[in-house]
Amino acid sequence: NNASKVIDKYSLYVPKDGVFPKGFQVASTATGVKKNGSLDLGIIKNINTSRPSNAAAVFTTNKFKAAPVLVSKKVLEVTSGKGINAIVINSGCANAVTGDVGLKDANEMINLVNENMKNKDSTLVMSTGVIGQRLQMDKISKGIKDIFSQDKFGDDFNSWLNVAKSICTTDTFPKIVSSKFKLPDGKEYTLTGMAKGAGMICPNMA
Amino acid sequence: TLLGYIITDLPIESKALQQMLRYATNRSFNCISVDGDMSTNDTISMIANGAIDIPEITISSAEYQQIQSQVTAFAQQLAQLVVRDGEGSTKFVTINVNNSLNFEDANKIAKTISNSMLVKTALYGQDANWGRILCAIGYTELTDLKSLDINKINVSFVATDNSEPNELKLIVNGVPQLDIDETFASKLLSLDDLEISINLGTGKETAKFWTCDLSHEYVTINGDYRS
């Protein structure tokens, strides 16, 4: 009893505002995959056109890599990380150990975003949630289409916070950090980071 | 599952970006443990869109090291938030291994302690159980047995709230401190944030891991995750 206590982690660790990098917009929605109707789909997109964007990633070294891991790895291999303009993430279902249909579903998520971004091979996909269940693609496809058709994108703090919430599973708070940094020549740049995770955590990514 | 995204408006060349992310991950997200389980989906990605009007950053750019350090520190902040949200956790614990013969073994020792269920339950119970820490160090599969000298090892709990005294020595040069001040131990272990410091005394390399305690709540959360 002495050891157990309740900590309000949300108020301790979730910021109330932030700074965000130029040329990005984010959106999120509740597709109904999560049983409680919470946000469960997020998209981060680059809208800067002054030069091509670059992306990199590290992935689990677990032998049973989930479909979105395999698909995103392939996108990065094909493009060498050049021209990646979007990331689509769903929570509630990990699309792991789902075989060929899982790969098809992950590719479909990517293709839907690519179509709307009008770019081939420009999207990474990630999923988190229950292992061994197929994605409810009817709900996820509708969610992606709604985000674009209803232009749910924004670049304000709440939009970023909601994306951080949309990727949560058993997390008790969304994880979002943002900072501005100054280069030696005085120019400023911004880093914004989001993460999710509370259990099944001992990564060894490469 | 761990998922993470680092987004920046810097222009970073793709190979430099991959190297930078790998470097940062090996010092942040790859150094955390909540329960010792590795997911099928763990992914950290980084996008740099180049909206800031400066020449593209490459591995040979003058600013590369500075940006890499900043991204690494930033990734550590994010990674530590994941540990702070460890399912059912009440404590955030830094495992600091110093003066190791090589980095690999320092890292392995830090990871082994971080993953020990018995160390983690003792932390939850606020029990200064140095025996469990020593046990975990002892069964670590080292790359070089010379990394661990049982006559040189020092183990302490360290407070991270700037209080004084801040260190409770558990093992000094391989000798367990049997008359531990239990009142001080209780005070130190009641902190939400604390550090376990291990000085191997066999070299100069260091490694850090971040972990949390293991509570009854972890079992409650994970007993019916799928249903």
Side-chain angles (χ1 to χ4, degrees), chain A residues 3 5 7 9 13 21-24 44 46 48 50-51 53-60 62 64-66 69 80-82 84 87 89 94 96 124 126-128 130-131 167 170-173 175 177 179 181 183-184 187 189-205, chain B residues 1-14 17-18 21-22 25 29-30 32-54 62-63 70-71 74-75 77-78 81-82 84-87 90 115 124-126 192 215-216 221-222 225-226:
Chain A
K5 56 188 167 187
I7 305 168
K9 293 179 180 178
Y13 302 120
K22 292 177 186 173
F24 285 99
I44 302 164
N46 167 39
N48 176 56
S50 64
R51 59 179 125 194
S53 67
N54 285 320
V58 287
F59 299 100
T60 182
N62 192 313
F64 295 103
K65 288 175 181 56
V69 170
S80 302
K82 293 170 187 167
I84 303 296
I87 305 174
I89 318 111
L124 302 179
M126 286 157 213
S127 302
T128 178
V130 179
I131 294 172
I167 61 176
T170 57
D171 306 56
T172 63
F173 63 90
K175 292 137 195 91
V177 181
S179 290
F181 299 90
L183 294 169
K187 288 233 173 172
Y189 77 94
T190 306
L191 288 175
T192 293
M194 291 178 285
K196 66 81 50 183
M200 198 179 269
I201 299 290
C202 189
N204 183 23
M205 296 169 291
Chain B
T1 293
L2 172 77
L3 296 182
Y5 314 94
I6 298 174
I7 317 292
T8 184
D9 42 21
L10 279 171
I12 308 177
E13 187 263 333
S14 62
L17 189 69
Q18 184 68 46
L21 180 64
R22 192 179 301 128
T25 300
F29 295 105
N30 278 354
I32 62 171
S33 177
V34 169
D35 48 23
D37 273 308
M38 187 200 295
S39 167
T40 51
N41 292 56
D42 293 334
T43 305
I44 302 294
S45 66
M46 184 168 178
I47 295 191
N49 72 352
I52 301 289
D53 187 20
I54 59 168
E63 305 92 342
Q70 288 165 340
V71 169
F74 189 81
Q77 273 188 66
L78 263 181
L81 286 176
V82 173
R84 289 189 184 281
D85 201 16
E87 287 167 343
T90 67
N115 284 336
Y124 177 64
Q126 302 179 7
D192 295 339
S215 73
H216 306 280
I221 292 167
N222 286 289
Y225 182 65
R226 202 177 65 95

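Only this structure's heavy atoms are used, side chains among them; waters, hydrogens and symmetry mates stay out. No experiment lies behind these values; they were computed from the predicted model shown. Sequence lines set the chain letters: A, B, ... in the order given, protein chains first and strands last, and positions in each chain run from 1.
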S.K.: Counting only N and O atoms by type, is there a donor-acceptor contact under 3.5 Å from the side chain of B/N49 to the main-chain atoms of A/N46?
M.R.: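 The answer is no, because no donor-acceptor pair under 3.5 Å joins these two groups.
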S.K.: Kindly list each side-chain donor-acceptor pair under 3.5 angstrom involving residues 191-198 of chain A, sequence neighbours excluded, with atom names and distances?
M.R.:
residue, atom, partner, partner atom, Å
A/T192, OG1, A/V19, O, 3.0
A/K196, NZ, A/T128, OG1, 2.9
A/K196, NZ, A/T169, OG1, 3.0
A/K196, NZ, B/T1, O, 3.0

S.K.: Based on non-hydrogen pairs under 4.5 Å, which of B/D35, B/I32, B/V71 is most in contact with chain A?
M.R.: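 Option with the greatest count: B/D35.
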S.K.: Where on A/L183 is there a heavy atom nearer than 4.5 Å to chain B: the side chain, the backbone, both, or neither?
M.R.: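 For A/L183, backbone and side chain are both near chain B.
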S.K.: Shorter than 4.5 Å, heavy atoms on both sides: which option in B/I7, B/V82, B/V34, B/T43 has the most such pairs with chain A?
M.R.: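 So the answer, after comparing B/I7, B/V82, B/V34, B/T43, is B/I7.
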S.K.: Do you know which of B/G4, B/A75, B/S39 has the most heavy-atom pairs under 4.5 Å to chain A?
M.R.: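 When all of B/G4, B/A75, B/S39 are compared, B/S39 has the most.
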S.K.: Find the one option among A/V130, A/V58, A/V69 whose heavy-atom pairs under 4.5 Å with chain B are most numerous.
M.R.: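 Of the options given, most contacts go to A/V58.
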S.K.: Given heavy-atom pairs under 4.5 angstrom as the criterion, report whether the side chain, backbone, both or neither of B/D53 touches chain A.
M.R.: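 For B/D53, the contact with chain A is made by backbone and side chain together.
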S.K.: Quick check for you: among A/P203, A/A55, A/S127, which has the greatest number of heavy-atom pairs under 4.5 Å with chain B?
M.R.: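 Most pairs with chain B among the choices: A/P203.
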S.K.: Look up atom CD1 in B/I52 and atom NZ in A/K187, then write down how far apart they are to the nearest 0.5 Å.
M.R.: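 One gets 7.5 Å once the value is rounded to the nearest 0.5 Å.
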S.K.: Using side chain to side chain contact (heavy atoms under 4.5 Å, CB included) as the criterion, list what pairs up with B/A48, not counting sequence neighbours.
M.R.: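 Partners of B/A48 under the side chain to side chain contact (heavy atoms under 4.5 Å, CB included) test: B/T8, B/I12, B/L17.
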S.K.: Check whether B/Y5 gets within reach of chain A through its side chain, its backbone, both or neither, counting any heavy atom under 4.5 Å.
M.R.: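 The answer is both parts of B/Y5.
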S.K.: Where does A/T190 contact chain B at under 4.5 Å (heavy atoms): side chain, backbone, both or neither?
M.R.: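 Interface part for A/T190: both.
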S.K.: With rounding to the nearest 0.5 Å, note down the distance linking CG in A/N54 to NZ in A/K82.
M.R.: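 Spacing of CG (A/N54) from NZ (A/K82) equals 7.0 Å.
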S.K.: Would you call the rings of A/F173 and A/Y13 parallel, tilted or perpendicular, taking 30° and 60° as the class edges?
M.R.: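 Rings of A/F173 and A/Y13: tilted, as their planes differ by 30° to 60°.
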S.K.: Between B/E63 and chain A, which part of the residue has a heavy atom less than 4.5 Å away: side chain, backbone, both or neither?
M.R.: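 Side chain only.
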S.K.: Report yes if some heavy atom in the side chain of A/I87 is under 4.5 Å from a heavy atom in the side chain of B/S45; otherwise report no.
M.R.: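 Answer yes - side chains close enough.
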S.K.: Chain A heavy atoms under 4.5 Å from B/T25: which part of the residue, side chain, backbone, both or neither?
M.R.: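 Interface part for B/T25: side chain.
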